[in-house]
S.K.: 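This structure is in structure tokens; I'll ask about it shortly.
Whatever order the structure lists ligands and atoms in, that order sets their numbers, starting from 1.
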Amino acid sequence: MNALNEQVAIVTGASRGIGRAVVQAYARQGARVVLVATREAPLRSVCNDLGLSTEQTLCVAADVSKASDCQAVVSQAMQRWGQVDVLVNNAGIYHAAPFLEHTPQDFQRLLDVNLFGVMHFMQACLPHMQLRRSGSIINIASTAGKWGSRNQSAYNTSKHAVVGLTRCVALEASTHQVTVNAICPGFVQTDMIDELKAQAAQAAGASVDEFVKAMMTRVPLGRLMQPTEIAEMAVFLGSSAARGITGQSLHIDGGMVFS
Ligand code: NAP
């Protein structure tokens, strides 16, 4: 049987990268999927490219940093299917700069999307999940939420906050049998990793080649993770097989070490 048969899942940041892979894996496992990103057209392209029907999908443009947008997405999902079983909070942005060059606006924007986006969507979904005493929330944090990194203090701060928020909300939601977990990817082959290589190399005063060489010495498996590997963990955490797991933040990082 499919692991997510008849489940309704909201996936943010679904227009590319990890989010797109989650949509594909969830649809394959029988879920009905609400795709969210800032523009609708790329979401429709994802559905077309993956051969997903309009019966199985709902594409909604929303800016996760706006609480009203997040509430509107959940209202549309509820109107369409009457339930939300899984929330995958994946939308995120990256920015690298030495701490002394970071502006308060940099911090604000990263927190608005990476932290408040997660908060808004959890606040919009939890009441429905708690009422049914069932639901799984999966927040895509990062290994950057577990340790320090040079030249990305705003990004790491936002991801540490997501890990902390996950732990706290898991405790409160547990009384309603709703699970809340985080996945902490290491380096994943997406557009964001290309951004990271270019920006982080510049911030470190290194060439991209030098930066990538140093970056890969930190990954014992010696390769970038693939978006599908993150998606498979999201399938597991959203499935009934994972009902006993909550408050955790699980690394998928090729054994990445802190440096
Ligand atoms: P990506 O390829 O850059 O995709 C980011 C997604 O987030 C896009 O779909 C983008 O949609 C969406 N998004 C950005 N801002 C948004 C907003 N304000 N409202 C709604 N959607 C928004 O990134 P990715 O690598 O797949 O990353 C996905 C998640 O994994 C992020 O949270 C990231 O921090 C985390 N992560 C990534 C890596 C990595 O190595 N790639 C490692 C650790 C953690 P539009 O731009 O189309 O709106």
S.K.: Just going by heavy-atom distances, which of Val11, Val64, Ile140, Asn90 is nearest to atom 31 (C) of ligand 1?
M.R.: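 Among Val11, Val64, Ile140, Asn90, the closest heavy atom to atom 31 (C) of ligand 1 comes from Asn90.
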S.K.: Do any nitrogen or oxygen atoms of Pro185 come within less than 3.5 Å of a nitrogen or oxygen of ligand 1?
M.R.: no
S.K.: Measure the distance from atom 44 (C) of ligand 1 to every protein heavy atom, then report the residue, atom name and distance (to 0.1 Å) of the closest one.
M.R.: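 That would be Ala141 O, 3.2 Å.
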S.K.: Determine, stepwise, if the pair Asp253 / Val219 fulfils side-chain contact (heavy atoms from CB on, under 4.5 Å).
M.R.: CA-CA 7 Å; Asp253 59 3; Val219 186; over 6 Å; no
S.K.: Does ligand 1 have a heavy atom under 4.0 Å from the side chain of Met225, from its backbone, from both, or from neither?
M.R.: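 For Met225, no heavy atom sits under 4.0 Å from ligand 1.
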S.K.: Pairs of nitrogen or oxygen atoms closer than 3.5 Å, one from Ile18 and one from ligand 1: do any exist?
M.R.: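 N/O-N/O distance under 3.5 Å: yes.
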S.K.: Regarding atom 48 (O) of ligand 1: of the candidates Val113, Leu35, Thr38, which has the closest heavy atom?
M.R.: Thr38
S.K.: Suppose we measure from atom 5 (C) of ligand 1 to each protein heavy atom; which comes out shortest, and what is that distance?
M.R.: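 Closest protein heavy atom to atom 5 (C) of ligand 1: Gly92 O, 3.7 Å.
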S.K.: Just distances here: any N/O of Thr143 and N/O of ligand 1 closer than 3.5 Å?
M.R.: no
S.K.: Out of Ala62, Ala41, Gly13, whose heavy atom is nearest to atom 20 (C) of ligand 1?
M.R.: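 Nearest option to atom 20 (C) of ligand 1, by heavy atoms: Ala62.
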S.K.: Would you call the rings of His102 and His95 parallel, tilted or perpendicular, taking 30° and 60° as the class edges?
M.R.: tilted
S.K.: Asp63 versus ligand 1: do any nitrogen or oxygen atoms come within less than 3.5 Å of each other?
M.R.: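 Yes: some nitrogen or oxygen of Asp63 is under 3.5 Å from one in ligand 1.
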S.K.: How does Tyr155 reach ligand 1, if at all, at less than 4.0 Å between non-hydrogen atoms: by side chain, backbone, both, or neither?
M.R.: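 Side chain only.
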S.K.: Any N/O of Val188 closer than 3.5 Å to an N/O of ligand 1?
M.R.: yes
